[in-house]
Enquirer: 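Please find one structure pasted underneath; my questions will follow.
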Number of protein chains: 2
Amino acid sequence: MNTSKHSRQRDAILEVLKSTKVHPTADWVYSEVRKTIPNISLGTVYRNLAKLSDENIIVKLGLGTSVEHFDGNPEPHYHVMCTECGAISDIESEPLKELNAWAEKLFKGEIYKHSAIFFGRCDECQK
Amino acid sequence: MNTSKHSRQRDAILEVLKSTKVHPTADWVYSEVRKTIPNISLGTVYRNLAKLSDENIIVKLGLGTSVEHFDGNPEPHYHVMCTECGAISDIESEPLKELNAWAEKLFKGEIYKHSAIFFGRCDECQK
DNA sequence: TATAATAATAGTAACAATTACTATTATTGA
DNA sequence: TCAATAATAGTAATTGTTACTATTATTATA
């Protein structure tokens with residue numbers, strides 16, 4: 001059974017994540033959610049982001065940045081980070097699953113997934 | 001001109017990194033280096049790891065873990081992390097540069113590099 | 001080889017992101 | 001409506017890392 005209880009705060013956090021493409025940090029989510037729930041606490045944001053990603057409703061992107069970024073889209077896909085402005089964009093394609101087989105040939109053990117991050121310059125910064 | 005001065009501490013830190021395959025954290029390096037330089041400070045370890053990676057002598061692996069890992073081998077290559085024991089291993093191959101062109105087709109902007117991390121189970125943990 | 005300039009150090013304090021704690025509030029099923 | 005308890009707000013604590021400062025070590029040159 002699911003011992004979870006519904007909460008307005010969690011709904012609002014998920015709503016914020018689902019309706020943006022910026023792959024925000026916890027702090028960004030916090031400041032957005034405060035527009036509708038002004039006294040929500042930052043701890044609540046962190047706790048729910050953790051809960052939602054444990055349940056695979058959202059994903060915590062381990063991009064190697066000092067601050068964690070989240071994605072409201074749980075479908076596996078790659079990302080590009082602009083090295084100039086830091087913006088994170090989606091690569092609209094499924095991950096290349098053949099890479100796992102490729103890597104497995106070079107590794108003693110089994111491989112079942114991978115993640116990748118591309119670095120470049122977004123069109124905004126190219127202008 | 002190079003305004004850098006030689007230091008025994010930096011030598012020892014680099015030596016530790018060059019002679020292991022474990023992709024250690026700063027703290028691991030610290031405890032190793034203390035075996036030869038017992039009163040070295042953790043700040044010195046961090047400062048030199050930063051300096052060495054700025055100079056591309058080592059690399060800071062942005063693996064998405066909460067603690068940073070370092071690699072004494074600056075040649076670009078992928079890694080596998082065992083989800084059971086956390087061990088990080090090398091994939092002994094050059095990165096697939098064709099991936100950049102592939103991703104660029106799906107992105108508005110230019111892409112010039114990428115990094116990837118594979119997840120699996122190492123042979124030790126399979127037993 | 002002595003010296004003067006300064007990079008690097010040890011030790012410690014500060015910092016930022018995140019997590020844990022606790023008393024109170026909200027949700028839920030009976 | 002009520003009792004059980006999940007979730008909250010607010011705050012304190014923790015963790016990994018960086019910054020600061022007085023002292024020490026390295027180096028180029030006299």
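Source: prediction; values computed, not measured. Within every chain, numbering begins at 1; the chains are lettered A, B, ... in the order of the sequence lines, protein sequences first and strands thereafter.
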Enquirer: Which of residues 63-74 of chain B have a heavy atom under 4.0 Å from DNA chain C?
Expert: none

Enquirer: Can you find a heavy atom in the side chain of A/Pro74 that is under 4.5 Å from one in the side chain of A/Val59?
Expert: yes

Enquirer: Below 4.0 angstrom, which residues in residues 4-15 of chain B have at least one non-hydrogen atom near DNA chain D?
Expert: B/Lys5, B/His6

Enquirer: With side chains defined as the heavy atoms from C-beta onward, is the minimum distance between B/Cys122 and B/Gln126 less than 4.5 Å?
Expert: no

Enquirer: Taking CD in B/Glu98 as the centre, count heavy atoms belonging to other residues, nucleotides or ligands within less than 6.0 Å. Is the count above 12?
Expert: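 Yes - once you tally the heavy atoms of other residues, nucleotides and ligands closer than 6.0 Å, there are more than 12.
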
Enquirer: Considering non-hydrogen atoms only, spot the tightest contact between A/Leu63 and A/Ile117 and give its length.
Expert: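 That would be CD2-CD1, 3.8 Å.
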
Enquirer: Mark yes when over 12 heavy atoms from residues, nucleotides or ligands other than A/Lys21 sit less than 6.0 Å from its NZ; otherwise mark no.
Expert: no

Enquirer: Flag the pair B/Thr25 / B/Tyr30 as yes when at least one side-chain heavy-atom distance between them is below 4.5 Å, and no otherwise.
Expert: no

Enquirer: Check whether any side-chain heavy atom of A/Lys51 sits under 4.5 Å from a side-chain heavy atom of A/Ser4, and report yes or no.
Expert: yes

Enquirer: Let's see if you get this right: which residues in residues 34-62 of chain A place a heavy atom under 4.0 Å from DNA chain D?
Expert: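 Nucleic-acid contacts, sorted: A/Asn39, A/Ile40, A/Ser41, A/Thr44, A/Arg47, A/Asn48, A/Lys51.
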
Enquirer: Does any part of the side chain of B/Leu17, heavy atoms only, come nearer than 4.5 Å to the side chain of B/Phe70, both counted from C-beta?
Expert: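 Yes, at least one pair of side-chain atoms sits under 4.5 Å.
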
Enquirer: Decide yes or no on side-chain contact (heavy atoms from CB on, under 4.5 Å) for A/Leu99 and B/Leu99, but give the supporting numbers first.
Expert: CA-CA 10 Å; A/Leu99 286 189; B/Leu99 287 189; 4.1 Å; yes

Enquirer: Going 5' to 3' along DNA chain C, which are the first and last nucleotides with any atom under 4.0 Å from a heavy atom of chain B?
Expert: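 Range of nucleotides touched by chain B: C/dA5 to C/dG11.
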
Enquirer: Considering non-hydrogen atoms only, spot the tightest contact between B/Leu106 and A/Ile91 and give its length.
Expert: CD1-CG2, 3.6 Å

Enquirer: List, one per line, each side-chain donor-acceptor pair under 3.5 Å for residues 75-89 of chain B, sequence neighbours excluded.
Expert:
from    : atom 1 : to       : atom 2 : distance (Å)
B/His77 : ND1    : B/Glu75  : O      : 2.5
B/His77 : NE2    : B/Asp71  : OD2    : 3.0
B/His77 : NE2    : B/His79  : NE2    : 3.0
B/His77 : NE2    : B/Asp90  : OD1    : 2.8
B/Tyr78 : OH     : B/Leu96  : N      : 3.0
B/Tyr78 : OH     : B/His114 : NE2    : 2.6
B/His79 : NE2    : B/His23  : NE2    : 3.3
B/His79 : NE2    : B/Asp71  : OD2    : 3.0
B/His79 : NE2    : B/Asp90  : OD1    : 3.2
B/Thr83 : OG1    : A/Tyr112 : OH     : 2.2
B/Thr83 : OG1    : B/Gly120 : O      : 3.4

Enquirer: Between A/Arg121 and A/Glu124, does at least one N-O distance fall below 4.0 Å, as a salt bridge requires?
Expert: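 A salt bridge is absent here (no side-chain N lies under 4.0 Å from a carboxylate O).
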
Enquirer: Please report the end-to-end axis angle for the helix from C/dT1-D/dA30 to C/dA30-D/dT1, five pairs per end, rounded to 10 degrees.
Expert: 40°

Enquirer: Can you find a pair of side-chain heavy atoms, one from A/Asp11 and one from A/Ile13, that are under 4.5 Å apart?
Expert: no

Enquirer: Give the intermediate values and the outcome of side-chain contact (heavy atoms from CB on, under 4.5 Å) for residues B/Arg34 and B/Ile40.
Expert: CA-CA 6 Å; B/Arg34 278 211 285 184; B/Ile40 194 172; 3.7 Å; yes

Enquirer: I want to check something: taking the side chain as every heavy atom from C-beta on, are A/Glu110 and B/Cys125 in contact at a cut-off of under 4.5 Å?
Expert: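 SC-SC contact between A/Glu110 and B/Cys125 ruled out.
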
